[in-house]
Structures are given as C-alpha cells and as structure tokens.
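Quick notes on the structure that follows.
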There are 4 protein chains.
Amino acid sequence: MGKILVLYDSATQHTKKMAEQVVAGAIRVAGMEVRLRLVTSASAADVIWCDGMAVGSPTNMGILSWQMKRFWDTEMQEYWGKIDGKIGCAFASSGGWGGGAELTCASILTVLMNFGVLVFGVTDYVADQFTLHYGAVVAGEPRQEKELAACQKLGERLAYWVAKYVDRQRD
Amino acid sequence: MGKILVLYDSATQHTKKMAEQVVAGAIRVAGMEVRLRLVTSASAADVIWCDGMAVGSPTNMGILSWQMKRFWDTEMQEYWGKIDGKIGCAFASSGGWGGGAELTCASILTVLMNFGVLVFGVTDYVADQFTLHYGAVVAGEPRQEKELAACQKLGERLAYWVAKYVDRQRD
Amino acid sequence: MGKILVLYDSATQHTKKMAEQVVAGAIRVAGMEVRLRLVTSASAADVIWCDGMAVGSPTNMGILSWQMKRFWDTEMQEYWGKIDGKIGCAFASSGGWGGGAELTCASILTVLMNFGVLVFGVTDYVADQFTLHYGAVVAGEPRQEKELAACQKLGERLAYWVAKYVDRQRD
Amino acid sequence: MGKILVLYDSATQHTKKMAEQVVAGAIRVAGMEVRLRLVTSASAADVIWCDGMAVGSPTNMGILSWQMKRFWDTEMQEYWGKIDGKIGCAFASSGGWGGGAELTCASILTVLMNFGVLVFGVTDYVADQFTLHYGAVVAGEPRQEKELAACQKLGERLAYWVAKYVDRQRD
C-alpha cells in the first residue's frame, strides 16, 4: 500500500476544493491509502506516515501562507533530516492569473526540497492551454472541468510515482 | 524625456504581440521615447540608452529563452556593473496556464537584478481574476482584451516609474 | 529627509546583527532617518512611514520565517495596493553556505514585489568572492569584516536609491 | 546497473572541476555507470540514456548559462514529454558568495522539472556551515575539502536515489 498525504491550507475554501480533487486523483491508482489534512489540524505524524505528499496553499503575496510555513518551521522542525526521500508536489489557488500561484508552488517545493523530498511537476496538458508543470494552479474558485482535471492529474501522478518508486521497495 | 526600451524574444509572435502592447502602454505617459527591439537585433547600446526597460520572452522550460539569456551573458557582459539604477520589469507568453510564465518572468527579473536594475510588479488587476503581480503573462496568442490590457498596464507603469524616479533627476 | 525601515526577524540574533549593520550602512547617507524594528514589534505604520526598507529573515527551509510572512499576510493585508512605489531589498542569515539564504532573499523580494515595491540587489563585491547580488547573506554569526561590509553596503545602497529617487521628489 | 549523467557547462573550469567530483561521488555507489559530458559535446541521447542526472552551470547573472539553456531548448525539445520520471539535481560555481549560485541551481531545477524530472536537494552538512540543500555550490575554484565533499555528496546521493528508486525497477 502506498501512503499519500494531501496537506493544505485554505482561507476561502478554494484550496480545500483543490485538495479534494487531488485526493480524487490519487485514489485512481490502485492500492493507495490517502489522508486529507487541513494544515492547522495536521501533525508531524501525518508527514512521517506518508510516502508522498501534495502540499497546497492559497497564494498569499506569492509565497505559501504563513500558517503552512509555520507548520514546517515548528511542527516539522525536529524531523528535519529524518524524512528524506519522500515524493512531493504542490498546488495553489490564487485571486487571478498572473497573481503568483506558480511562485507559490515554487515556494512550497523549496520547503519540501529542504526536507529532502524529491519534487516533481507534470508535463501533461489537461486541456487546451492548461497544464501543471510546477503544480496545479487555479484562479478563483476551481469550478471549470480543466481546473478540476489539473488537480486530479496532480494527485494521480503523485500516486503513480509513489507506486512505482516507493511502494515497489516493499516488494 | 524618459527613455523606455521594450526588448523581447519571440518564436511564435505571441511575445512580439505582447511587446507591442507594452509599447502602447508606455507611450500613454507624456514625454516618453520608446524603442522596441527584437533581442537578436538589439545591442548593448539600446540598454545603455534607456532609463527603464520591459524584457519579454517566450516561456521555454520555465526560464527565459536561450537567445535572451545569450544577449545578457555576452552582448551585455562588459557593461555589467556600469548600468546600475535603471528600472525594469518582465513579460512572458506561454503555451498554457500553469506552464511557467510566472517563473519565466522571475528568471528575467533575476537577470535584471544582477545588473543592478530596480525591478517591479504591478498590484492592479486589469480584469476579474487577471493581474500582473510579477510581470504580464498570457497563455497562447494574446487576443483577449484583458491580455492586451495587462501588457499595456505594464508599459504604462514602467513609464510612470521612469517619469517619477529617473526623469525627474534631470530637472 | 529619506525614511528607511530595517525590518527583521531573528531567532539566534544572527539576523539581528545583520540588521544593525544595515542600519549602520544606511546612516552613512546624509539626511536619512532610520527605524530598526523586530517583526513581532513592528506595525503597518512603520512600513507606511518609510520610503525604503530592508527586510531580513533567518533562512528557515529556504523561505522567509513564518513570523515574517505572518506580518505581511495579516498586519499589512489591508494596506495592499496602497503603498506601491517604495524601494526595497533583502537580507538573510543561514546555517551554512548552500543552505538557502539566497532563496530566502528571493522569497522576501517576491513578497515585497507583491506589494508594489521596487526591489534591487547590489552588483558590488565587498571582498574577494563576497557579494550581495540578491541581498546580503551570511552563514552562521556575522563576524567577519566582509560579512559586516555586505550588510552595510546593502543599507547604504538602499539609502542611496531612496535619496536619489524618492527623496528627490520632495524638492 | 544504474545510469548517471553528469552534464555541465564551464567557462573557467570551475564547474568542470565540480562535475568531476560529482562523478567521483556517484561511483561510490556500487553498480553505477557514469557519463561525464560538457554540454556543447552532449546529445539528447545522453539524457535519454540516463536514469538520473546532475546538471551544472557557471552562475551567469543568477541563471544557468545560455549554452546550457540552449541545450534544453533545442537539442532536447523533441524529447519533451517523453522522458518523465528521471531523477535530477543541480550544481553551480560562482564568482562569490551571495552571487547567485543557489538561484542558478534553482533555475536548473526549474528546467529539469519542466521535463518531468524528480529533483532533490541534500539535507546533510558536509562540514561546519557548508551544505547543499538545493544543489552543490562553490565560490571561485573548488579547492577546499568541503567544496569537493559537497560535490561528491551530490553525486553519491543522486546515485543512491537512482539505485533505490529507478534501478530497483529492473529487478
């Protein structure tokens, strides 16, 4: 069984809706156990438990939210250097295109890399002119099919890499 | 007179169309002289001449194009450390949302900062869910009014800062 | 009179020591009024007051500290879009070279750009193999002359741009 | 057998010396076949061949060199979307601390992520105040033991992840 954590912060519920779609994508891969956690309710145990994680945040000034940052700075601090080798990816909602969602994903990936996580983006397009090369991004509430598809694709790809690379270790 | 350079690379003409709109925005500010240059036809003299510049590139793997990079690595190399204090900003076309246009703008701003340029983004939204916080970005050919407006706003703001901060020096 | 804010967060006092040197550099420029503020004691009024600011943080997972991020996400939120055009720069201490201090500076600059701040780096070298192209960075406690010089240079350059570009407006 | 590519650009031979140490680190892991390639002599076949790659560049304006960028923009373009799932990391020499080596590593990782590569940094310190959280970085010619150790550690960790995650697939 591969273990997937979808960890998110959300102010307007937009990132929460993204997170739910990431979960929907992850469970498409057979044999995945998935946890969905709001960052203020999550614990280090959730991160330690997982093989791979998708971490999502609202776009707040082009960088992950302070609440999400606090989680990694405080809750996770004592586990730094002890959880290397997990697989990770990012997603972010934003107020508008050009508003910093890609940069927010990049900031999440920077934090994950700092913890020794192997991070990835997705080359696939999920619709015309819509992709997730550095993580799934949306502007406003995710309602359009392509926005949901981007989140699902992220979760599915995460589960795929976990199944192929991490879970295989257990054979 | 303030002097504005709009320097761009373009493969599909999408970034070229953005560049033309940036010019259109810049000339809205009274007293601006504007040069539009394709990077392969530009020279160091164009950069030295200007008070402020908007630099645009296609999104190629999430980073400015190699031709644009070559210009700064080679043509501009001997002027490094000699042109500090200009004002600069970025724009980028991309194949799709989530494809790296914001990161491409960030890479352009990194190059400009390295040359001592003061770089900026724009807080304004030009339409619902459409802004240019780190530079103007579009997906595909810029045709929608909001895409053109973002490019125009970038040029206008650049000219505004040049008029306020640099040109004022000449009084 | 130009108004300079040096705003910092600090856990080990390393970033605090950097901040003090940034102040020392800023007051080298005649006619500067300088405020030094720990982020947990700062208010939005300090940011609104200033013409230019240097913002410093420990390197926490390659991104500004959650306390510094919280300040911009919460205390400053209502002033977003209302303080465009200030001048800004960054500094960061870290546990070691290669540990993310440059990326932390980049994350600070991303936040500042989001607020419409014009951000800059410094082309000058302050010693052999020691510079501050994206902000001043140190590893461990800043004790070496070149480390102090980098922080001083940052403050001095900030004051220089404020004097040249912003303060001049008041003539 | 795991297949490792060490791909680099070098102007002053500093990055070349780093590359050689990355190779030295990679072959510490049993069963690794390693190719060392200067980017102007490399071909797409080298990238396609490998399971994992370390990509190095001089710090040129805070971004990978134009020659390295050209390789990915042109030589690799037709293979985009066809080589997902490899493992990758970065290294960069620079003229000085604070000069952009970390940002150059980040730009390399952005390019690799665009190609679907899973990228990583290293949590370990190789000496007091010397690490490689986002890739190995040096200032000037890599001569000190800790600088060589950082490059070796990068290669060794790359080989370790390839052995654990990719090579294991072949069992």
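In what follows, chains are A, B, ... by sequence order, proteins preceding strands, each numbered from 1. Since the model is a prediction, treat every value here as computed from it, not as a measurement.
Neither the backbone nor the side chain of B/Leu112 comes within contact range of chain C; no heavy atom of the residue lies under 4.5 Å from a heavy atom of that chain.
No side-chain heavy atom of B/Leu118 sits under 4.5 Å from any side-chain heavy atom of C/Val119. Taking the side chain as every heavy atom from C-beta outward, B/Phe120 and C/Val117 never approach each other to under 4.5 Å.
Distance CG/C/Asp84 to OH/B/Tyr160: 9.0 Å, rounded to 0.5 Å. Atom CD of B/Glu102 is separated from atom OG1 of C/Thr110 by 10.0 Å, given to the nearest 0.5 angstrom. Between the CZ atom of C/Phe115 and the OG1 atom of B/Thr123 there is a distance of 10.0 Å, given to the nearest 0.5 Å.
When B/Thr131, B/Asn114, B/Val122 are compared by the number of non-hydrogen pairs under 4.5 Å with chain C, B/Asn114 comes out ahead.
A parallel orientation is assigned to the rings of B/Tyr165 and C/Tyr165, their planes being inclined by less than 30° (bins at 30° and 60°).
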